[in-house]
Amino acid sequence: MLLTADLHVHSRFSRATARDLCFASLHRAALMKGLGLVATGDFTHPGWLAEIEEQLEPAEDGLFRLKADLARAASADLPPVCRGDVRFVLEVEISSIYKQADRVRKNHNLVYMPSLDAARRFNEALGRVGNLASDGRPILGLASRDLLEIALEADARAFLVPAHIWTPWFSVLGSKSGFDGLDECFGDLAHHVFAAETGLSSDPPMNWRVSALDRLTLISNSDAHSAAKLGREANLLDIEPGFGALRRALETREGFLGTVEFFPEEGKYHLDGHRKCGARLNPDETRASGGKCPVCGAAVTVGVMSRVEDLADRPSGVRPENASPFTSLVPLDELAGEALGVGAGSKKARDLVEKALFAIGPELHVLKDAPIEDVRTAGGPALAEAVRRVRAGELHIEAGYDGEFGVVRIFGPGERDHLAGQTSFSRGTSPAACSEGEATRFRSNLSPARAASRSDKATGGDGAGVHDAYAEWTAPVPGPVAIQRPARDSRAACSDPLDGLDEGQRAMATEPTGPLLVVAGPGTGKTRSLVARMAFHVREGRVHPEQVLAIAFTNQAAQELKERVARSVPGARPGAPLVTTFHGFGLGLLREVTGADVRILDDDERLEVLETEAGEGLAKAGLKALLERLSLAKQERDPRAALASYPEILGAYDRYEAGLSRMGAVDVDDLVARPLALLDASPDVSRRVSSRFGMVLVDEYQDVNDAQAALVAHLAPFGRTLAVIGDPNQAIYGFRGAQPGHFARFKEAFGRAREVRLKVTYRLTAQVLEAARAIAGDCVLLAARKTGPKVEIVGCPSAQAEAREIATRIERLVGGTNSLASSAMRTAGAEPEAIGFGEAAVLVRLKTQRVPILEALGRAGIPCRAIGEDEPHDPRSQKVAVMTMHAAKGREFEAVFIAGCEEGLMPLALEGFAVDEAEERRLLYVALTRARHMAVVTHASRRAVFGRSLPGRPSPFLAAIPDETAPRTVARAPASRPGGKQLSLF
DNA sequence: ACGAGGTTAATTTTT
DNA sequence: TTAACCTCGT
């Protein structure tokens, strides 16, 4: 069965699409164009999927059709010759923006699903990657390869087709953010890709020049954003309707009869150029001008023709053996416009098209196959001649470039009037010469024989012959397309541990004995030095890996440290060196001593115990507050002593503890408190434990509490085996019992302690460092990195405006999330290296601040994630992290946004809570020093926190940052939108 | 048992 | 402001 298929369309849920793009209008448009199979588009969007489920019904194997009553209504006023069946296939276009091999890649891919169940599985998996509701064409921070993997996991019959593969901004081979080959993009899964969409700006002969594409079926689709554009490119199939047959046709070309195409010159990105200046360049001219706009000197947008030449390994005119046939056409409304001398969208042109459709049949039939006589009868001589010339390739096109469509001219001046006056048309009339720029051309001067092969019937002839328009720009055949896999990290597992260390790091690594105190500011290579110390001493034979203990605070930090230890410490094996957290270590010790498993209560269970034991007359909140007090007390050396002056709390403590022991359970605080009590009580046990470790390392020592410090003292008596590392400026956990005094008084506590300072920061730029210094006061650091942009302090009118401002800036940092923005960005001037979504973070003081920010990012289609929320998340996806400043500790990002730097929020001053100004200051310091490249600090004039309005003044901490270090700017107030809230007069 | 309506309390986080 | 929690009435 012959089917003309348009396999890439969108719904009204995609950005910049027609409001009325629904199934009824798709159905109608398909019939008017002559399409038997149309893609649904956008099936990942919940709104559109609901319409699919509601308005479509299953037809043959994996295909769908509009429900009968809807179909009847939709086609009621169609030309009778156009009525028929339309099938739909589940399809979606995914915009992947991600960093791979140090470059931001932007690819669009089409994914096809064989059933609704498969689509739902796919949607569920992708829902963990990004926000599918924000756009029918979702933007995900997911590599194309991983997208393909997820598609195949959803259903093995699913398939992926790279979309408009040559366009500069968003395609697999694009000049701006693409790859040089499919293997590089899809890696080990490349063999699952068997078709590629060539896009409007290229046609098959251009693609034939790249032999790496020979194995792919080249398909053509409309990428329609409105019903009117449906079917402007399409595929001719001879298959039994069904998903399986469709897939087979694209995979094996069995039943794939070829494509219907735009003339590629009509496409938006055919040539190179700079739209702002009206400069259009062919590849030779681009080369000659060094890729610069001849008018303004900005970089030109490199179009499809140039890109094809870059990757071509064949001269033009070569037709691969199994290439599919194609036909080049011009949309009928454009021909009608030409015939009438009016615009393609005008009422007159529309009426003429309609007349032709009623008399002859669907548009593709009129354009491609209908007898010219019939066209003349229905549409007049000018339209008939226009159709004839298009079929013969006798037309003139000003080629498109830099987002500008090409312009088709069929008739020369006066010709149209002449034709209109004729009743019959004699051949041989040639259009008058046009005077357009050098990249324009006539097809009319082609010999009739060659012109006829415009409509290539795959009879083994030279189908590329007529496309000599770019043959004339062909450079000597370049070498074959280099397709390389990214090099694997093949560094030797354990090279010299001191390699590449600076003076301070080396000192820390080699200092022979403890006690050793290391002051390590942000980005000074703390972890690296820690690992180097272990590796060096193990290699020197001073300790065995089994004798090394490294303690971090969080599981995450411990995990990271473990991985690096495994890579760098000679003889490392799981468990040796022992890399763990305080709690992990304590748990191990408890298990060892008690010889039994230990039951650890979670927060809810703790509350229950407290409630039954000591909760009389307490509300939930009171209970929580009490537990908090007990928890803080348990982090001290002697909890009972700490509570001695609060008899009723002490009583609660005793009853709570009694409850725990009756249950044979412990709480998290006990994981430190119990081992400590044990070691305090038994010098013998203490000695046995400490003798096991010849080297003890403690990370983030500025955050230890009393119990932890005491435990450390047991593990490393007199500090002989002890090295601690930390940064007093980053002590931010006082509220939960941390005592930075242990770091400050380390040297008094352990006599003869040596101190090493890591002074060079490899993370911070001079600008960020300067701003950080203004906040923290005394940090002695040198920035090793080249300078970056200044730290910016941005005032915003409201919290919502602040969120929008951040979204806009992130959009800019990734180099634009759509082609319009991308080209605008290029035009805006210097093009900084784009960053990936995973390299940006928004830091806030309170979790509640995350809401408007996540909303604004979501609205902008930016993949983002609230850190600290248990939400389903695919680790393969790259997302902007939105998190509290606390959660950001120990992490780094290229770009950091610090939101809500205002009086009341920074320092945080909530009613009923004591303000710890010094700790808040350090918190801002921590936030600022997460930035590798740039930091943007924002504050809002209007913000409510927990129903209370803040004063709206910038944080007093910011005053210390000089203007030269951090320029103050103001966010542009958003344009008031119609439909927004009106000011009431009353 | 459930729903309407009133009241209250609201950081930062790890094990 | 908001959401969870409580109380009271049916």
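Convention: sequence-line order gives letters A, B, ...; per-chain numbering from 1.
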Take atom [atom1] of [X] and atom [atom2] of [N], then tell me their distance rounded to the nearest Å.
X        : N      : atom1 : atom2 : result
A/Phe946 : B/dT12 : CZ    : C1'   : 11 Å
A/Leu910 : C/dT1  : CG    : C1'   : 14 Å
A/Leu905 : B/dT12 : CG    : P     : 11 Å
A/Ile732 : B/dT12 : CD1   : P     : 13 Å

key: Name of the residue among A/Glu805, A/Glu802, A/Glu902 meeting side-chain hydrogen bond (donor to acceptor under 3.5 Å, both in side chains) with A/Thr938   =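 With A/Thr938 as partner, side-chain hydrogen bond (donor to acceptor under 3.5 Å, both in side chains) holds for just one option, A/Glu802.
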Using the 3.5 Å cut-off, write out each protein N or O paired with an N or O of nucleotides 13-15 of chain B and the distance between them.
residue, atom, partner, partner atom, Å
B/dT13, OP1, A/Thr884, OG1, 2.2
B/dT15, OP1, A/Asn555, N, 2.4
B/dT15, OP1, A/Asn555, ND2, 3.0
B/dT15, O5', A/Asn555, ND2, 3.3
B/dT15, O4', A/His583, ND1, 3.3
B/dT15, O2, A/His583, NE2, 2.9

Please tabulate, one pair per line, each protein N/O and nucleotide N/O from nucleotides 3-6 of chain C that are separated by under 3.5 Å, including the distance.
none

ask   = Any idea how A/Tyr701 and A/Phe743 line up, ring-wise: parallel (<30°), tilted (30 to 60°), or perpendicular (>60°)?
value =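 Tilted, since the angle between the ring planes falls between 30° and 60°.
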Gap in Å between the two P atoms, one belonging to C/dA3 and one to B/dT12, rounded =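 So the two P atoms sit 16 Å from each other.
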request  = Would you name the heavy atoms of A/Leu769 and A/Leu781 that are closest together and state the gap between them?
outcome  =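 Nearest heavy atoms, A/Leu769 then A/Leu781: CD2-O, 3.6 Å.
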ask   = Contact class for A/Leu908 vs. all strands (heavy atom < 4.0 Å): base, sugar-phosphate, or nothing?
value =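 Base contact.
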task = Check if the side chain of A/Arg948 and the base of C/dT1 share a donor-acceptor pair of N or O atoms closer than 3.5 Å.
result =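 There is none.
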inquiry  = Quick check: A/His933 with A/Phe893 (ring centres under 6.0 Å apart)?
reply    =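 No: the rings miss the under 6.0 Å criterion.
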With a 3.5 Å cut-off and sequence neighbours excluded, list the donor-acceptor pairs that the side chains of residues 662-672 of chain A form with protein atoms.
residue, atom, partner, partner atom, Å
A/Arg662, NH1, A/Glu613, OE2, 3.4
A/Arg662, NH2, A/Glu613, OE1, 2.9
A/Arg662, NH2, A/Glu613, OE2, 3.4
A/Asp667, OD1, A/Lys634, NZ, 3.1
A/Asp667, OD1, A/Asp669, N, 3.1
A/Asp667, OD1, A/Asp670, N, 2.9
A/Asp667, OD2, A/Arg606, NH2, 3.2
A/Asp667, OD2, A/Lys634, NZ, 2.7
A/Asp667, OD2, A/Tyr656, OH, 2.8
A/Asp669, OD1, A/Ser631, OG, 3.4
A/Asp669, OD2, A/Arg606, NH2, 2.8
A/Asp669, OD2, A/Ser631, OG, 2.8
A/Asp670, OD1, A/Lys634, NZ, 2.9
A/Asp670, OD2, A/Lys634, NZ, 3.2
A/Asp670, OD2, A/Asp667, N, 3.0

inquiry  = As a quick check of understanding, evaluate ring-ring contact (aromatic ring centres under 6.0 Å, His included) for A/Phe735 and A/His886, giving each step before the final call.
reply    = CA-CA 12 Å; A/Phe735 71 92; A/His886 285 91; 5.4 Å; yes
task = Validate the cation-pi geometry between A/Arg745 and A/Phe750: distance from NZ or CZ to the six-membered ring centre under 6.0 Å, angle to the ring axis within 45°.
result =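 Ring-cation test returns no.
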request  = Verify the distance criterion only: is there a donor paired with an acceptor across the side chains of A/His742 and A/Asp706 at less than 3.5 Å?
outcome  =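 Distance-only check passes for A/His742 and A/Asp706.
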